Protein chains: 2
Amino acid sequence: MSSNAELKKAGLKTTLPRLKILSMLESTNIRHMTAEDVYKSLLDSGEEIGLATVYRVLTQFENAGLVIRHNFEGGRSVFELNDEGHHDHLVCMECGEVFEFYDKAIEERQRKVAEESGFVLDNHSLYMYGVCEGMRNNGKCSINKKKLSSVLNTSKR
Amino acid sequence: MSSNAELKKAGLKTTLPRLKILSMLESTNIRHMTAEDVYKSLLDSGEEIGLATVYRVLTQFENAGLVIRHNFEGGRSVFELNDEGHHDHLVCMECGEVFEFYDKAIEERQRKVAEESGFVLDNHSLYMYGVCEGMRNNGKCSINKKKLSSVLNTSKR
DNA sequence: ACGTTAGTGACAATTATTAGCAATAAACAA
DNA sequence: TTGTTTATTGCTAATAATTGTCACTAACGT
């Protein structure tokens with residue numbers, strides 16, 4: 001489906017900034033980006049879109065279900081295209097790499113727990129933090145270093 | 001164990017602010033508080049401790065393992081005394097109430113997933129968001145309204 | 001093409017949190 | 001105890017991320 005059609009389906013007027021942001025998210029190979037990452041990435045490809053607009057559009061996309069917002073450790077929001085089905089995340093605290101996984105048993109138990117507690121679930125997030133194999137073995141990760149800034153904590157706490 | 005002894009064990013010099021904060025956390029019936037909640041709670045009981053100190057001390061407590069920091073939806077950090085064992089959280093998005101639970105099966109699957117991915121786990125967080133029974137049935141929650149401000153999103157997004 | 005209305009860009013404002021630094025209070029030895 | 005050393009505190013200013021404001025502009029329906 002074209003980005004244009006996706007916007008329509010999401011109930012959003014198709015404007016240039018929205019199209020640019022959506023198609024960038026769809027074509028990049030970096031799955032998890034902060035608003036600023038998105039902003040800079042667009043700048044790099046010559047698109048001048050205001051940072052405030054990026055924030056606004058990402059929030060609209062979130063409400064429309066086009067992207068998912070994550071709050072990994074460190075506070076700032078990280079966005080991911082909502083294209084595949086639901087999945088959880090393993091974050092490497094050394095290199096910032098994010099592995100995605102889906103575990104049926106976990107999902108089922110979650111549903112069960114919510115039900116038993118009388119909750120009607122809206123959504124949930126499972127984040128696991130650790131150190132990946134590459135970083136443990138030879139201190140280098142196979143993945144694009146660009147990922148680093150986005151996901152890892154920026155403060156030096 | 002006295003708060004004093006706990007601080008010692010954690011390798012922290014026993015100072016008045018640290019004692020006040022720790023014993024407040026131990027005696028309050030509000031398990032999840034932001035730094036500002038802690039600050040205000042102390043003010044209410046007549047203790048004048050600077051907000052910056054509260055932030056610093058909470059971070060020290062986190063590093064020492066005395067408290068756990070959570071990043072629920074909405075961005076700001078929420079702190080909880082690390083007295084019971086590990087548990088996960090169910091957050092009601094209407095009233096802000098937080099239910100805690102522990103599910104052995106989920107924990108085991110998590111360990112398994114990490115292992116299979118070559119990760120050495122440091123910690124993990126599972127947050128489930130929904131609407132609790134009370135809020136669904138009669139729009140009122142059994143719990144102290146004071147919890148509201150702490151946990152719920154402050155922005156009106 | 002034209003007007004209406006929603007969307008955008010630039011920048012100011014807010015919010016949460018951290019940094020800097022002079023004043024103070026713990027710890028510990030004399 | 002008292003003095004001395006060094007970590008800690010309390011202000012206040014600074015920063016970082018995000019949102020609000022508002023005049024200008026671009027979509028969409030006619």
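Every value quoted in this text rests on a predicted model; they were computed, and no experiment measured them. No hydrogens, no waters, no symmetry mates; every other heavy atom, side chains included, goes into these values.
If you find the closest nucleotide of DNA chain C to B:Tyr55 and to B:Leu16, the one lying nearer the 5' end belongs to B:Tyr55. Annotation: of the two residues near DNA chain C, A:Ala52 and B:Glu36, the 5′-most nearest-nucleotide partner is A:Ala52.
The nearest pair of heavy atoms linking B:Ser117 to A:Glu133 is O-OE1, 4.5 Å. Here the shortest heavy-atom pairing between B:Ser3 and B:Ser23 reads OG-CB, 3.6 Å.
Side-chain atoms of A:Arg69 and A:Thr59 form a donor-acceptor pair, as typed in the model, at a separation below 3.5 Å. With no hydrogens or angles considered, a side-chain donor-acceptor pair links A:Glu80 and A:His87 at under 3.5 Å.
The distance between atom CG of A:Leu12 and atom P of C:dG7, rounded to the nearest whole Å, is 8 Å. In this structure, CG of A:Leu7 is placed 13 Å from C1' of C:dG7, rounded to the nearest angstrom. Atom P of nucleotide C:dT4 and atom NZ of A:Lys13 are separated by 14 Å, given to the nearest angstrom. When the P atom of D:dT18 is taken as reference, atom CZ of A:Arg76 falls 7 Å away, rounded to whole Å. Rounding to whole angstrom units, CD1 of residue B:Ile49 and C1' of D:dC11 are separated by 15 Å. Between the CD atom of B:Glu47 and the P atom of D:dT9 there is a distance of 14 Å, rounded to whole Å. If you take CD of A:Gln60 and P of D:dG20, they are 13 Å apart, rounded to a whole angstrom. Rounded to a whole Å, the CZ atom of B:Arg56 is 9 Å from the C1' atom of C:dT18.
Residue A:Arg18 is classed as a sugar-phosphate contact, given heavy-atom separations below 4.0 Å to backbone atoms only. Contact annotation for A:Thr53: base contact, defined as any heavy-atom pair under 4.0 Å involving a base atom.
In this structure, A:Thr14 reaches the D:dC28 phosphate: one of its side-chain N or O atoms is under 4.0 Å from OP1 or OP2. OP1 and OP2 of D:dA17 both lie 4.0 Å or more from every side-chain N or O belonging to A:Thr34. Side-chain nitrogen and oxygen atoms of B:Thr15 include none within less than 4.0 Å of the OP1 or OP2 phosphate oxygen of C:dA27.
Each of D:dA17, D:dT9, D:dT19 was ranked by its minimum atom distance to the side chain of B:Val57; first place goes to D:dT9.
Between B:Phe72 and B:His89, the ring centre distance stays below 6.0 Å.
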